[in-house]
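The structure under discussion appears below in the form of structure tokens.
Position 1 is the first residue of the sequence; numbering continues from there. Counting starts at 1 for both ligands and their atoms, following the listed order.
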Amino acid sequence: MSALDRRALVLGIESSCDETAAALVRGGREILSSSIHSQAAIHAQWGGVVPEVAGRSHLVKIMPVIDDALAQARVTLDDIDAIAVTTRPGLIGSLLIGVSAAKALAWVRGLPLVGVHHIEAHVYAATMEHDFAPYPCIALVVSGGHTALYRAESPLDLHLLATTRDDAAGEAFDKVAHVLGLGYPGGPRVSKLAESGDARTFSFPRFRAKDGSLGFSFSGVKTAVLYHVRGQDARAATPAAEDIPQRADVAASFEAAVVDALVEETLRAVRREGLSTVLVAGGVACNRRLRADMVTRAAAVGVRALFPSPAYCTDNAVMIAGLGYEVFAAGRLADLALDAASR
Ligand code: KG4
Ligand code: ZN
């Protein structure tokens with residue numbers, strides 16, 4: 001890569017789930033702009049993401065969001081050196097909108113095009129704002145769709161160590177939010193309510209595999225909260241939000257159980273792999289208790305834990321432009337046959 005390439009300006013495009021996003025990042029680190037259109041308000045009425053609705057909204061918003069990112073960065077398409085787009089994993093109809101827009105722009109402008117893996121990009125986000133070489137390290141990805149531990153040798157070389165056996169951590173937050181009458185999206189609301197509760201009030205279960213292997217499971221804690229709120233009668237209706245006693249204590253105790261499991265397994269992975277750095281990313285990495293507990297408990301055993309700023313934990317295109325730069329620098333260019341994949 002030439003000296004000029006290290007200043008390469010990459011346009012990142014993200015449309016894998018319910019955020020339409022575009023961003024401009026120079027050299028994988030210097031963030032010039034980030035534009036995000038969230039569909040949360042659109043999906044809230046159904047209590048979750050409706051794929052067909054998501055695809056249609058991406059189609060309407062993709063070009064305005066790209067224009068906004070360019071305007072915020074005060075650049076034009078003439079200034080761009082490469083276009084990076086999320087190709088997987090995600091909702092296929094949503095991914096295809098971003099991929100089609102990226103291909104069209106790359107073709108019309110004669111620009112290099114690169115495909116980016118959404119999960120690898122979440123992990124990369126944790127490195128972008130720190131002047132610290134983290135590799136090799138452990139990466140914990142905690143989002144609405146994924147909860148997994150990786151051994152990362154470099155930004156583009158991740159090995160899966162463990163994953164969840166059932167729900168993703170964010171999914172558990174969203175489901176508990178529903179039980180507590182907090183609505184969608186649930187993670188930030190449960191976390192906000194938990195701030196006024198006492199996490200020591202209730203002891204919800206923390207999963208540990210019987211054979212000692214690494215892994216997560218959040219269906220147990222989710223069900224425990226459900227039974228706690230509704231009682232043991234499976235046919236009983238969930239009480240109205242205002243009738244749930246000690247709602248903030250339930251939220252805090254649930255949050256503590258999830259965070260405990262995440263920190264515990266991550267530090268076990270660090271020990272097992274003999275490493276000293278942890279990258280934590282994905283929507284749940286916004287969680288204040290997770291950020292505080294991971295940093296403190298990691299530091300106590302000589303391990304450094306790095307997080308992205310909250311704005312770059314949830315879905316965004318800064319992470320796509322960032323990792324896109326690494327893919328571009330590695331010479332892994334895509335052509336117009338670039339395709340999206342749900343997994
Ligand atoms: O990474 P992301 O934006 O989308 C996926 O790729 O899934 O993550 C969204 C998830 C949702 O489940 C949301 O409830 C959760 O992240 N989340 C949180 C917090 N903020 C977002 N969970 C717990 N505490 C938070 N503060
Ligand atoms: Zn994501």
Side-chain angles (χ1 to χ4, degrees), residues 12-21 23 34 36-40 43-44 47-49 51 54 58 85-91 94-95 98 116-126 139-148 163-164 167-180 182-195 197 199 216 218 221-222 225 251-263 279-294 307-320 322-323 342-343:
I13 299 174
E14 156 68 34
S15 69
S16 66
C17 188
D18 60 343
E19 261 93 30
T20 317
S34 175
I36 302 178
H37 172 261
S38 167
Q39 301 174 4
H43 299 294
V49 178
H58 285 303
V85 63
T86 308
T87 56
R88 68 198 169 108
L91 302 170
S94 292
L95 287 164
V116 169
H117 191 286
H118 183 84
I119 303 300
E120 292 176 1
H122 268 302
V123 172
Y124 190 75
L140 169 68
V141 178
V142 263
S143 71
H146 302 267
T147 298
T163 180
T164 175
D167 294 354
E171 196 179 348
F173 268 95
D174 293 334
K175 288 176 179 169
V176 163
H178 181 72
V179 170
L180 296 178
L182 294 169
Y184 171 88
R189 297 179 190 197
V190 170
S191 169
K192 184 90 192 73
L193 180 63
E195 280 175 28
F216 302 102
F218 298 105
V221 60
K222 175 194 72 186
V225 172
S253 303
F254 160 75
E255 184 183 63
V258 172
V259 166
D260 234 22
L262 292 173
V263 174
L279 304 176
V280 187
V284 183
C286 283
N287 186 273
R288 287 162 96 181
R289 178 183 282 269
L290 175 61
R291 295 175 85 94
D293 285 12
M294 186 72 87
F307 287 75
S309 301
Y312 308 133
C313 286
T314 46
D315 287 349
N316 67 86
V318 163
M319 65 186 195
I320 306 304
L323 186 61
S342 59
R343 313 201 126 249

Check: [Y] and [X] side chains under 4.5 Å, non-hydrogen atoms:
X	Y	value
Met319	Pro308	no
His117	Arg88	yes
Glu255	Asn287	yes
Phe218	Val176	no

Which ligand 1 atoms are under 4.0 Å away from a heavy-atom of [X]?
X	value
Gly170	12 (O)
Gly145	7 (O)
Cys286	20 (N), 26 (N)
Ser143	1 (O), 5 (C), 6 (O), 7 (O), 8 (O)

For the backbone of [Y] and the side chain of [X], can you confirm whether one donor and one acceptor N or O come within less than 3.5 Å of each other?
X	Y	result
Ser309	Tyr312	no
Thr86	Ser15	no
Thr147	Ala169	yes

ask   = Does the ring pair (Phe, Tyr, Trp, His ring centres under 6.0 Å) test come out yes or no for Phe254 and Phe173, once each step is laid out?
value = CA-CA 9 Å; Phe254 160 75; Phe173 268 95; 5.1 Å; yes

To which of [options] does the heavy atom nearest [atom] belong?
atom	options	answer
atom 19 (C) of ligand 1	Pro188, Ser191, Ala285, Ala281	Pro188
atom 7 (O) of ligand 1	Gly144, Ala177, Gly186	Gly144
atom 18 (C) of ligand 1	Gly282, Gly187, Pro310	Gly187

request  = Check if His122 has a non-hydrogen atom at a distance under 4.0 Å from any atom of ligand 1.
outcome  = yes

query = Judged by non-hydrogen atoms, does His118 sit under 4.0 Å from ligand 1?
reply = yes

Distance from [atom] to nearest protein heavy atom, with residue and atom:
atom	value
atom 8 (O) of ligand 1	Gly283 CA, 3.3 Å
atom 24 (N) of ligand 1	Asn287 ND2, 3.0 Å
atom 11 (C) of ligand 1	Asp174 OD2, 3.6 Å

Parallel, tilted or perpendicular: rings of His122 and His118 (30°, 60°) = perpendicular

Please enumerate all residues that pass side chain to side chain contact (heavy atoms under 4.5 Å, CB included) together with [X], with sequence neighbours excluded.
X	value
Glu171	Asp167, Ala168, Lys175
Pro310	Cys286, Arg291
Gln39	Asp18, Thr20, His37, Ile42, His43, Ala54, Ser57, His58

query = Can an N or O of Asp315 be found at a distance shorter than 3.5 Å from an N or O of ligand 1?
reply = yes

key: N/O separation below 3.5 Å, Thr314 to ligand 1   = no

inquiry  = Quick one, Val263 with Leu290, criterion side chain to side chain contact (heavy atoms under 4.5 Å, CB included). Give me CA distance, side-chain angles, the key distance, then yes/no.
reply    = CA-CA 8 Å; Val263 174; Leu290 175 61; 4.1 Å; yes

request  = Mind checking how many protein N/O/S atoms fall short of 2.8 Å from the Zn ion (ligand 2)?
outcome  = 3

